[in-house]
Trainee: 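The structure follows.
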Amino acid sequence: MTLSLPTRPAGVLFDMDGVLTANNLFHRQAWQEVAREVLGLNLSEHDLDTKVDGGRNPEIIERLTGTYPDEALALRFHDAKEGRYRELAAGALTEVAGLSAYLDALEGRGIPFALVTSADAVNVAFGMEALGFGPRFGPRVLGEDVTRGKPHPEPFLLGAARLGLDAADCVAHEDAVNGVLSAAGAGCTVVALTTTAPAEALIRAGASLTVPDFSTFGLWLE
């Protein structure tokens, strides 16, 4: 596999949902059920594609309703939606093909990597345990660590900073349009996975390349 990317990035930044594990269907179902129950909204597939994927829940609610939720509504929605997601995903999460080998290759070459996700600490712990990664992703940026979530560049700027690096020297892996906008806006070279959005939309958002999984990424670093 030939990639028009640096053969040795200074660091690599990974989103979690849709990148470490292809779990978007569980999130989408939870959004549809809880938006109907809590917000009185019947979300279409178009809503899910264009407004839901990528970002923190209060910001997504604002995209859907035009109003940023108050603290009580935001908390009620978050607890219901993320709890339902974990119910749906329990026992069903697997890593994206080639991920462990890719992480091994990065570690073997001394290339640091970090997690940059909109998920909260509970969902991150749930995902890491399900995937068997434990503390493997040491530096982490979670949804509660930033004041402006994706598509704003802040999450990826902070992720690079936690590696002690400039975002422009990092490769970022994302799966959602808003995530790509965030990473590209921070200056990262974005290699996007087509687990959630079509390749054309990811390229338009700023991805340099799209791939289905990580199955050949060990070869990229040879």
Side-chain angles (χ1 to χ4, degrees), residues 14-96 115-131 133 137 140-152 154-156 159 173-183 192-198 201-202 205:
F14 291 85
D15 180 36
M16 183 175 74
D17 296 323
V19 173
L20 304 189
T21 182
N23 58 348
N24 193 46
L25 287 177
F26 304 123
H27 277 294
R28 287 165 77 97
Q29 182 177 339
W31 262 100
Q32 285 184 309
E33 292 180 7
V34 178
R36 187 180 305 115
E37 174 189 341
V38 176
L39 303 176
L41 296 177
N42 291 310
L43 300 184
S44 66
E45 292 299 310
H46 181 71
D47 290 329
L48 293 170
D49 289 341
T50 60
K51 298 179 181 179
V52 170
D53 291 331
R56 301 180 301 176
N57 288 341
E59 293 156 344
I60 295 171
I61 291 172
E62 183 179 24
R63 289 177 214 154
L64 292 168
T65 66
T67 302
Y68 196 89
D70 62 35
E71 186 175 351
L73 176 59
L75 180 60
R76 178 185 170 206
F77 185 93
H78 180 86
D79 288 347
K81 184 267 166 180
E82 302 311 333
R84 181 57 178 148
Y85 158 72
R86 291 190 295 272
E87 290 175 355
L88 293 167
L93 297 186
T94 58
E95 70 173 61
V96 167
L115 187 70
V116 180
T117 178
S118 299
D120 65 11
V122 176
N123 274 6
V124 169
F126 171 81
M128 291 298 172
E129 180 178 359
L131 297 172
F133 287 148
F137 283 83
R140 298 177 180 184
V141 175
L142 311 186
E144 52 261 47
D145 293 332
V146 297
T147 57
R148 293 162 296 186
K150 302 171 185 178
H152 194 277
E154 182 182 346
F156 283 94
H173 296 300
E174 264 288 353
D175 66 300
V177 167
N178 283 323
V180 172
L181 289 169
S182 175
L193 278 75
T194 54
T195 53
T196 298
L202 297 168

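Any value given below was found using the heavy atoms of this structure, including those in side chains, with hydrogens, waters and symmetry copies removed.
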Trainee: I need the Gln32 CD to Leu48 CG distance, nearest 0.5 Å.
Mentor: 5.0 Å

Trainee: Between CG of Asp17 and CG of Asn23, what distance do you get to the nearest 0.5 Å?
Mentor: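 Between Asp17 CG and Asn23 CG, I get 4.0 Å after rounding to 0.5 Å.
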
Trainee: What is the minimum heavy-atom distance between Tyr85 and Ala30, and which atoms define it?
Mentor: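 So the two residues come closest at N-CB, 3.8 Å.
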
Trainee: So, Gln29 side chain and Leu88 main chain: donor-acceptor pair closer than 3.5 Å or not?
Mentor: no

Trainee: Is there side-chain contact between Lys81 and Arg86, with heavy atoms separated by less than 4.5 Å?
Mentor: no

Trainee: If I compare all heavy atoms of Leu93 with all of Gly127, which pair ends up nearest, and what's the gap?
Mentor: CD1-CA, 4.3 Å

Trainee: For Phe77, give me all partners under ring pair (Phe, Tyr, Trp, His ring centres under 6.0 Å), at least two apart in sequence or on another chain.
Mentor: Trp31

Trainee: Apply side-chain contact (heavy atoms from CB on, under 4.5 Å) to Glu129 and list each qualifying residue two or more places apart in sequence or on a separate chain.
Mentor: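 Once residues adjacent in sequence are excluded, Glu129 has no partner under the side-chain contact (heavy atoms from CB on, under 4.5 Å) criterion.
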
Trainee: Can you run down the salt bridge (charged side-chain N to carboxylate O under 4.0 Å, His left out) pairs that involve residues 63-80, sequence neighbours left out, and say none if there aren't any?
Mentor: none

Trainee: Taking salt bridge (charged side-chain N to carboxylate O under 4.0 Å, His left out) as the cut-off, I'd like each qualifying pair that reaches into residues 22-46, sequence neighbours left out, listed once.
Mentor: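 Qualifying pairs, neighbours excluded: Arg28-Glu45, Arg28-Asp49, Arg28-Asp53, Glu33-Arg84.
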
Trainee: State, with a plain yes or no, whether a side-chain heavy atom of Asp120 is found less than 4.5 Å away from one of His78.
Mentor: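 Yes - at least one pair of side-chain heavy atoms lies under 4.5 Å apart.
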
Trainee: Of all the heavy-atom pairs spanning Ala176 and Leu202, show the shortest one and how long it is.
Mentor: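 Smallest heavy-atom distance, with atoms named: C-CD2, 3.9 Å.
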
Trainee: Just by modelled atom types, is the Asn123 backbone N or O under 3.5 Å from a matching donor or acceptor in the Glu82 side chain?
Mentor: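 No: the side chain of Glu82 does not pair with the backbone of Asn123.
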
Trainee: Of all residues at least two apart in sequence or in a different chain, which pass the side-chain contact (heavy atoms from CB on, under 4.5 Å) check with Thr94?
Mentor: none

Trainee: Counting distance only, does the side-chain N/O of Ser182 pair as donor-acceptor with the main-chain N or O of His152 below 3.5 Å?
Mentor: yes

Trainee: What heavy-atom pair brings Lys51 and Ile60 nearest, and what distance separates the two atoms?
Mentor: O-CG2, 3.4 Å

Trainee: In Å and rounded to the nearest 0.5 Å, what is the OG to CG distance from Ser118 to Asp15?
Mentor: 6.5 Å

Trainee: Please give me the minimum heavy-atom distance between Arg56 and Val146, naming the atom from each residue.
Mentor: NH1-O, 2.6 Å

Trainee: Is there a side-chain contact between Glu174 and Phe14 (heavy atoms, below 4.5 Å)?
Mentor: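 A side-chain contact under 4.5 Å is absent here.
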
Trainee: Applying side-chain hydrogen bond (donor to acceptor under 3.5 Å, both in side chains), can you list everything that pairs with His173, at least two apart in sequence or on another chain?
Mentor: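 Per chain and number, His173 pairs via side-chain hydrogen bond (donor to acceptor under 3.5 Å, both in side chains) with Tyr102.
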
Trainee: For Val116 and Lys150, work out which heavy atoms get closest and say how close.
Mentor: O-NZ, 3.0 Å

